[in-house]
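In what follows, every chain begins at residue 1, and chains take the letters A, B, ... in the order their sequences are listed.
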Amino acid sequence: MMLKVATWNVNSLKIRLPQLLDWLYTQQPDILALQETKITDPCFPKLHISAAGYQVVFSGQKAYNGVATLSRLPASDVATGMPGLEDPQRRVLGATIGGIRVLNIYIPNGQIIGSEKYSYKLSWLDKLYSWITMELSCHRWLFLIGDFNIAPEDRDVSNPISSDERIFCSSPERFAFQQLIKLGLRDTFRIFPQKEQSFSWWDYRSAAFHRNLGMRIDHILASQELADVCISCYIDESQRRLARPSDHAPVVSEFDFRLY
DNA sequence: ATGGTGGCGCGGCCA
């Protein structure tokens, strides 16, 4: 039995719904984490999602942020925030699906190093570390997936020159990512050999996708016991080539694991 | 390039 898990920042679910439904039909993931749904809960297109054969939980807001998790099996123990962080921004969605804890996150962008938004990102990452520590203590099967807005290494950036002082690449951001790895999570993409210059996000501007100027900032982290049975991880760049694409491509990981 | 594109929603904000 194979378990297929994916993450995709769709940059507006309303605009991307036709693409999402096409993608679900062809890819048939068991679990899909969406970010930047940009839609309020009453407006969420759950009929379309269920018609495609998926259960869904979501936590949205108007115009910004918003996360949703689709799955073949129903979700329980849903969490829409992190302990110790009163945050009106909808960036977190935890759920237990078929015995696996699935934590879908949309880490703040940070905008400019030293800005207020950057401070918010770092304190958010601090809360995330505590939360993941706690979640790992009670779930042996756990995924931490989503848009991290962090490029973990220089090889995850098309132009790593002076990357140390660039947003997504700064030492505090990369340190926070490594702290999650130290907790026992594995970056499933790096379990396997990958082509150089592999990215999951490309700026809409300056024909960045065409020139492959991007970053790998969307990640599927798995607890050790799931990483042990991970059989592949890839970025589906085909979605970025379509008309009116999201600026992010879906990331997919497959596991030799049976959901129950 | 102190720029550039896209989404939301109709003036900026956010990415």
Side-chain angles (χ1 to χ4, degrees), chain A residues 7-23 33-45 48-49 58-68 81 85 87-93 104-125 128 145-152 156-163 165-170 172-174 176-177 199-219 235-251:
Chain A
T7 183
W8 192 10
N9 178 324
V10 288
N11 187 16
S12 169
L13 185 53
K14 197 184 224 171
I15 293 284
R16 226 68 64 196
L17 185 60
Q19 278 184 27
L20 171 66
L21 295 174
D22 284 350
W23 194 80
L34 302 177
Q35 302 84 37
E36 284 205 271
T37 55
K38 299 186 174 180
I39 198 164
T40 58
D41 291 349
C43 296
F44 194 92
H48 287 97
I49 304 287
F58 43 85
S59 177
Q61 68 179 89
K62 194 176 176 179
Y64 303 110
N65 309 311
V67 281
L85 183 66
D87 193 355
Q89 302 189 24
R90 309 325 286 162
R91 297 178 172 278
V92 166
L93 192 55
N104 175 4
I105 57 167
Y106 175 45
I107 294 179
N109 176 294
Q111 200 169 56
I112 295 164
I113 293 173
S115 67
E116 226 169 86
K117 291 196 174 69
Y118 184 72
S119 304
Y120 167 62
K121 183 178 195 172
L122 294 187
S123 75
W124 204 97
L125 287 166
L128 178 66
I145 59 182
D147 178 356
F148 284 60
N149 276 318
I150 298 173
D156 299 313
V157 182
S158 53
N159 178 12
I161 295 163
S162 66
S163 63
E165 294 312 316
R166 203 194 309 190
I167 196 69
F168 304 159
C169 306
S170 70
E173 292 167 273
R174 285 181 169 171
F177 186 89
F199 310 124
S200 65
W201 168 82
W202 303 259
D203 201 305
Y204 282 121
R205 297 166 287 190
S206 314
F209 179 69
H210 181 68
R211 298 155 65 200
N212 197 30
L213 301 178
M215 294 196 191
R216 192 176 70 91
I217 56 177
D218 300 272
H219 307 296
I235 298 167
D236 183 5
E237 293 166 8
S238 68
Q239 288 306 300
R240 189 63 173 81
R241 271 181 218 109
L242 299 177
R244 281 200 93 175
S246 166
D247 45 352
H248 297 250
V251 182

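Among residues two or more places apart in sequence or in another chain, the side chain to side chain donor-acceptor pair (under 3.5 Å) test is passed with A:Q19 by none. Among residues two or more places apart in sequence or in another chain, the side chain to side chain donor-acceptor pair (under 3.5 Å) test is passed with A:Y204 by A:N11. Every side chain to side chain donor-acceptor pair (under 3.5 Å) that A:S200 has, sequence neighbours left out, goes to A:D218.
Comparing A:P108 and A:A63 by the nucleotide of DNA chain B that holds the closest heavy atom to each, the one mapping nearer the 5' end is A:A63.
Of the possible polar contacts, one joining the A:H219 side chain to the A:I150 backbone as a donor-acceptor pair under 3.5 Å is found. A donor-acceptor pair under 3.5 Å links the side-chain atoms of A:K121 to the main chain of A:N149, judged by distance alone. Under a 3.5 Å cut-off, the side chain of A:N65 and the backbone N or O of A:K38 do not form any donor-acceptor pair.
Across all strands, A:F209 comes closer than 4.0 Å to no nucleic acid atom at all (heavy-atom distances). Within the nucleic acid shown, A:R211 has no heavy atom closer than 4.0 Å to any nucleic acid atom.
To the nearest angstrom, P of B:dC14 lies 12 Å from OH of A:Y120. If you measure from atom CD1 of A:I15 to atom P of B:dA15, you get 18 Å, rounded to the nearest angstrom. To the nearest angstrom, C1' of B:dA15 lies 17 Å from OH of A:Y118. One atom, CG of A:D247, and another, P of B:dG7, lie 9 Å apart when rounded to the nearest Å. When the P atom of B:dC8 is taken as reference, atom CD of A:E36 falls 11 Å away, rounded to whole Å. Following rounding to the nearest Å, A:R91 (CZ) and B:dA15 (C1') show an atom-to-atom distance of 10 Å. Distance, A:L13 CG to B:dC8 C1': 14 Å, rounded to whole Å. Summarising the geometry, the separation between CD1 on A:I107 and C1' on B:dC14 is reported as 17 Å, rounded to the nearest angstrom.
In this structure, A:F177 and A:F148 have perpendicular ring planes: the angle between them is above 60°, well past the 30° mark. By the 30° and 60° cut-offs, the orientation of the rings of A:W201 relative to A:H248 is tilted.
For residues 203-214 of chain A, every residue pair satisfying the salt bridge (Lys or Arg N to Asp or Glu O under 4.0 Å) rule, not counting sequence neighbours, is listed here: A:D203-A:R205.
Nearest heavy atoms, A:A249 versus A:W202: CB-CZ3, 3.7 Å.
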Is there any protein nitrogen or oxygen under 3.5 Å from a nitrogen or oxygen in nucleotides 11-13 of chain B, and what are the pairs?
| unit_1 | atom_1 | unit_2 | atom_2 | d |
| --- | --- | --- | --- | --- |
| B:dC13 | O2 | A:Y64 | OH | 3.2 |

Show me the protein contacts with nucleotides 2-6 of chain B, counting only N or O atoms at under 3.5 Å.
| unit_1 | atom_1 | unit_2 | atom_2 | d |
| --- | --- | --- | --- | --- |
| B:dG4 | O6 | A:R205 | NH1 | 3.2 |

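The gap from the P atom of B:dA1 to that of B:dA15 amounts to 26 Å, rounded to the nearest Å. Comparing B:dC14 with B:dG9, their P atoms are spaced 14 Å from each other, to the whole Å. Of the P atoms belonging to B:dG11 and B:dT5, the separation is 23 Å, rounded to the nearest Å.
Of the listed nucleotides (B:dG9, B:dG7, B:dA15), B:dG7 has the atom at the smallest distance from the side chain of A:S12.
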